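Single-structure report; data block below.
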Amino acid sequence: MIFILNGPNLNLLGVREPAVYGHDTLAQIEQRCASRAGDLNVEIDFRQTNTEGELIDWVHEANSQAQALILNAAGYSHTSVALHDALKACSIPKIELHISNIHAREAFRHKSMVSPVVTGLICGFGTDGYVMALDAAARLIEKSQKNQ
């Protein structure tokens with residue numbers, strides 16, 4: 001199982017700043033992920049919340065129920081020490097995901113509280129980044145299983 005967790009305002013994809021985030025809705029992204037998960041023979045649990053505490057609870061849940069975590073924490077990436085701490089306590093492979101290239105945007109987006117405690121980062125590939133992250137998570141799970 002791979003958890004794909006989405007943070008605040010990602011429910012607005014498709015209408016919110018399409019020049020930055022594209023025209024795909026979160027439901028369309030979820031469908032693409034579900035299709036790719038089928039190809040990879042993995043299950044996904046795809047969720048979105050605008051609430052920091054709920055996102056943290058889901059990270060805790062992922063640690064006990066998932067084999068990997070893909071996280072687009074959106075604005076919480078840059079502000080949440082609590083999310084950083086939850087991820088630090090999470091022992092499964094974790095991939096930070098951003099639709100836009102956060103390093104090519106406003107200066108406040110250049111620092112991620114998430115990056116220091118994840119396995120890897122994918123950003124700047126638009127919504128295709130979700131499928132890239134799913135492929136990477138599946139490979140990390142496969143490597144982990146071979147090392148056991």
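Positions are given from 1, in the same order as the sequence printed here. Values below: all heavy atoms of this structure, side chains included; hydrogens, waters and symmetry mates excluded. All figures in this text were calculated on a predicted structure; none of them were measured in a lab.
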For [X] against [Y], the heavy-atom pair lying closest together:
X	Y	answer
Leu121	Ser115	CD2-OG, 4.3 Å
Ile95	Ala137	CD1-N, 3.5 Å
Ser80	Met113	O-CB, 3.8 Å
Gly75	Pro8	N-CG, 4.3 Å
His84	Pro116	CE1-CB, 4.3 Å
Asn101	Cys123	OD1-SG, 3.9 Å

Does some side-chain heavy atom of [Y] sit less than 4.5 Å from a side-chain heavy atom of [X]?
X	Y	value
Val42	Arg36	no
Glu61	Asp57	no
Arg32	Asp128	yes
Ser144	Gln67	no
Glu96	Lys94	no

Looking only at atom types and distance, does a side-chain atom of Ser77 sit under 3.5 Å from a main-chain N or O of Ala74, one as donor and one as acceptor? yes
Determine yes or no for a side-chain-to-main-chain donor-acceptor pair under 3.5 angstrom, with Asp24 supplying the side chain and Leu13 the backbone. no
If Ile, Leu, Val, Met, Phe, Trp and Tyr residues are connected whenever their side-chain heavy atoms lie under 4.5 Å apart, and connections chain through other members, are Phe125 and Leu97 in the same group? yes
To the nearest 0.5 Å, how far apart are [atom1] in [X] and [atom2] in [Y]?
X	Y	atom1	atom2	result
Ile102	Ser112	CD1	OG	5.5 Å
Leu40	Ile2	CG	CD1	7.0 Å
Cys33	Asp45	SG	CG	12.0 Å

Can you sort out the partners of [X] under side chain to side chain contact (heavy atoms under 4.5 Å, CB included), two or more places apart, ordered by chain and number?
X	value
Gln48	Asn6, Leu10, Asn11, Leu26, Asn50
Asp85	Val81
Thr51	Thr49, Glu54
Val15	Leu12

Neighbour count >12 (heavy atoms, 6.0 Å) for atom CD, Gln65: yes
Which other residues end up in the same hydrophobic cluster as Val118, if Ile, Leu, Val, Met, Phe, Trp and Tyr are linked when side-chain heavy atoms come under 4.5 Å apart? Met1, Phe3, Leu5, Leu55, Ile56, Trp58, Val59, Leu69, Leu71, Tyr76, Leu83, Leu87, Ile92, Val114, Val117
Pair Ile44, Ile70 - check side-chain contact (heavy atoms from CB on, under 4.5 Å), show working. CA-CA 10 Å; Ile44 62 169; Ile70 297 167; over 6 Å; no
Measure up the Phe46 and Tyr130 rings against each other and bin them: parallel (under 30°), tilted (30 to 60°), perpendicular (over 60°). tilted
Please list, chain by chain and in numerical order, all residues satisfying salt bridge (Lys or Arg N to Asp or Glu O under 4.0 Å) with Glu142, sequence neighbours excluded. Lys146
Below 4.0 angstrom, N of the basic side chain to O of the carboxylate: do Glu30 and Arg47 qualify? no
